[in-house]
Amino acid sequence: MTYDLIVIGSGPGGYSAAVRAGQYGLKTAIIEKDAKLGGTCLHVGCIPTKALLHTADMWHFATNSGEEGITIEKPTLNFPKVIERKNGIVSKHAKGVEFLMKKNKVEWIKGFGTIKGPGKVEVKTDKGTQVLETKNILIATGSEARMLPGLKPDADSILTNIEILNLQAVPKSLMIIGAGAVGVEFASMFRRFGSEVSIFESLPRLVPVEDEEVSKELERVFKKQGIRVECGAKCDQVQKVSGGVTMKVTLTNGKTEDVKAEKLLVAVGRAPNAASLGLESTKVRSERGFIFVNEYQQTDEPGIYAIGDVVAGTPQLAHVATRQGMVAVAKIAGKPTTPINRNRIPGATYTDPGIGSVGLTEAQAKAKGYKVKVGKFPFMANSKATILGSHDGFVKIVADEKYGEILGVHIIGPEAFELISEAVTAMEAEATVETMMATIHAHPTIYEAVGEAFQNVYGLAINV
Ligand SMILES: Cc1cc2nc3c(=O)[nH]c(=O)nc-3n(C[C@H](O)[C@H](O)[C@H](O)COP(=O)(O)OP(=O)(O)OC[C@H]3O[C@@H](n4cnc5c(N)ncnc54)[C@H](O)[C@@H]3O)c2cc1C
């Protein structure tokens, strides 16, 4: 039997692409090596972290509700129950993905997929090996946590995003190496659960892909919350010792310090899952496992496409993998499609305060030669933020002075990851600063702060 499409990997990229292929009437199979469908995002990424972050919010409220006039006597945190709830959410959605495969007539083939030249995929399971034939292959094998040289994760003290999601108690102290989205989310989560948290980043700032002012604000608030932040720090000599982990840190001022904590989270980036994928049997071009594609997700081998975290130069985000899948499958099915515009990809980081951003940072816009105009509005001056008791952060608009083109929007503050959607839509619709100034924002809402920031590109915000 020949398939129209075989998808390897069932993360948000692979399963969404398989659904779309089913909707287009393509004979489709999806190969997954793990026991459940859903990939990193569903099992050990986006969904479990946000489930725990939600509980961290609830716990923070339960222990800080005095100002609202609510007294909660001796709240207790049943952490195994917290983990159980998180697991329940993951399982429910894994079943949902399974249902979507059935609904769209996608065949789920369990096992490890290896490409055996164009049009051939071998699937290996405990029970044996079979080779399938297909007109097209979509590589959606994702990524896994990078480790520092010489270190091995374990369930006890040296953790990646996988092990930390199954702790049965809140650690008294947690050190984190790496202050990208994964590192800062866990820092924010465990600080709110009550851990002593320290975060070490070798680059000069937290969340280095964000606008510099966002990084500064996050560092200020993290420090206010009691998180130790050390940027420009080098960590080495990690050792498991009785009661936890020690390491040597060379701080930005050149001093070295021995630090110790009950647990260490290593969050230093994600490596592509390309080992044993059989790329050498094709013309697919890759570097250190990252696969090169064109704007339609086509590799150098006709009939082989790649999407998601395994693709070179792609922001490693679930919604990027999904959208790339839509582009690839449309191309395979001969349907019209629009390639991704790199400048319109939202980023969302679920710290407290949250971060949402899209487009160029101020520094990137200036480096590209734009005459930049910036509009900022602080949540301090937003009445809904006062009602929520969440005053940290701001909205920052980066615009081109000449035509009022919106080049980037950067938000740090309450629900920033939700607020950014307005900016993404505005940019996709090619709205200008003027359009957004004339857009009515309901009152009282936190997204009024976005409207006010647009007004402030021309110094016309009302409430500051
Ligand atoms: C802690 C954490 C939090 C995150 N939070 C967010 C967030 O809030 N928002 C966001 O957008 N992104 C988030 N991400 C990133 C997001 O998880 C990834 O960008 C996304 O999962 C990538 O999707 P993918 O489809 O490319 O691959 P993956 O989700 O990695 O899935 C790949 C699948 O392929 C399977 N596979 C690999 N090789 C083979 C093979 N040879 N044969 C068969 N199967 C194979 C794997 O088992 C896996 O199931 C987070 C990541 C982490 C680690």
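Start at 1 and go down the list; that is how both ligands and their atoms are numbered.
With a 4.0 Å heavy-atom cut-off, ligand 1 is reached by no atom of His43. Within the 4.0 Å heavy-atom criterion, neither part of Ala181 lies near ligand 1. Only the side chain of Val182 comes within 4.0 Å of ligand 1, judged by heavy-atom distances.
In this comparison of Gly45, Cys46, Gly9, the heavy atom closest to atom 16 (C) of ligand 1 sits on Cys46. Ranked by closest heavy atom to atom 31 (O) of ligand 1, the top entry among Gly11, Ser10, Gly325 is Gly11. Comparing Gly308, Gly142, Pro12 against atom 23 (O) of ligand 1, the shortest heavy-atom distance belongs to Pro12. The closest non-hydrogen atom to atom 38 (N) of ligand 1, taken over Thr114, Thr141, Val310, Ile47, comes from Thr141. Taking all heavy atoms of Glu32, His319, Gln316 into account, the minimum distance to atom 15 (C) of ligand 1 is reached by Gln316.
For Tyr296 and Tyr305, the ring centers are positioned 6.0 Å apart or more.
Shown in contact with Tyr350 at under 4.0 Å from a heavy atom are these atoms of ligand 1, numbered in order with element: 8 (O). Under a 4.0 Å criterion applied to the non-hydrogen atoms of Asp34, ligand 1 contributes the atoms 47 (O). Atoms of ligand 1 lying under 4.0 Å from at least one heavy atom of Thr49, given by number and element, are 1 (C), 3 (C).
In this structure Val266 satisfies the side-chain contact (heavy atoms from CB on, under 4.5 Å) test together with Met147, Leu148, Leu151, Ile158, Leu264, Val268, sequence neighbours excluded. Residues meeting the salt bridge (charged side-chain N to carboxylate O under 4.0 Å, His left out) test with Lys224, sequence neighbours left out: Asp392.
Of the polar atoms of Ala318, at least one N or O is found under 3.5 Å from an N or O of ligand 1, judged by distance alone. For a threshold of 3.5 Å applied to N or O pairs, the pair formed by Lys50 and ligand 1 contains at least one separation below that value. On a distance-only criterion, Arg270 and ligand 1 share no N/O pair closer than 3.5 Å. In terms of polar-atom proximity, defined here as any N/O pair under 3.5 Å, Gly13 does make such a contact with ligand 1. Taking distance alone, with nitrogen or oxygen atoms compared against 3.5 Å, Cys41 approaches ligand 1 more closely than that limit.
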Q: Kindly indicate, with the supporting measurements, whether the criterion side-chain hydrogen bond (donor to acceptor under 3.5 Å, both in side chains) is fulfilled by Glu163 and Thr160.
A: CA-CA 6 Å; Glu163 298 80 20; Thr160 69; 2.6 Å; yes
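At least one heavy atom of Ala140 lies less than 4.0 angstrom from ligand 1.
Looking at heavy atoms from C-beta onward, Leu132 lies out of side-chain contact with Glu122 at the 4.5 angstrom threshold.
Under the side-chain hydrogen bond (donor to acceptor under 3.5 Å, both in side chains) test applied with Ser357, the options His410, Glu210, Lys396 reduce to a single match, Glu210.
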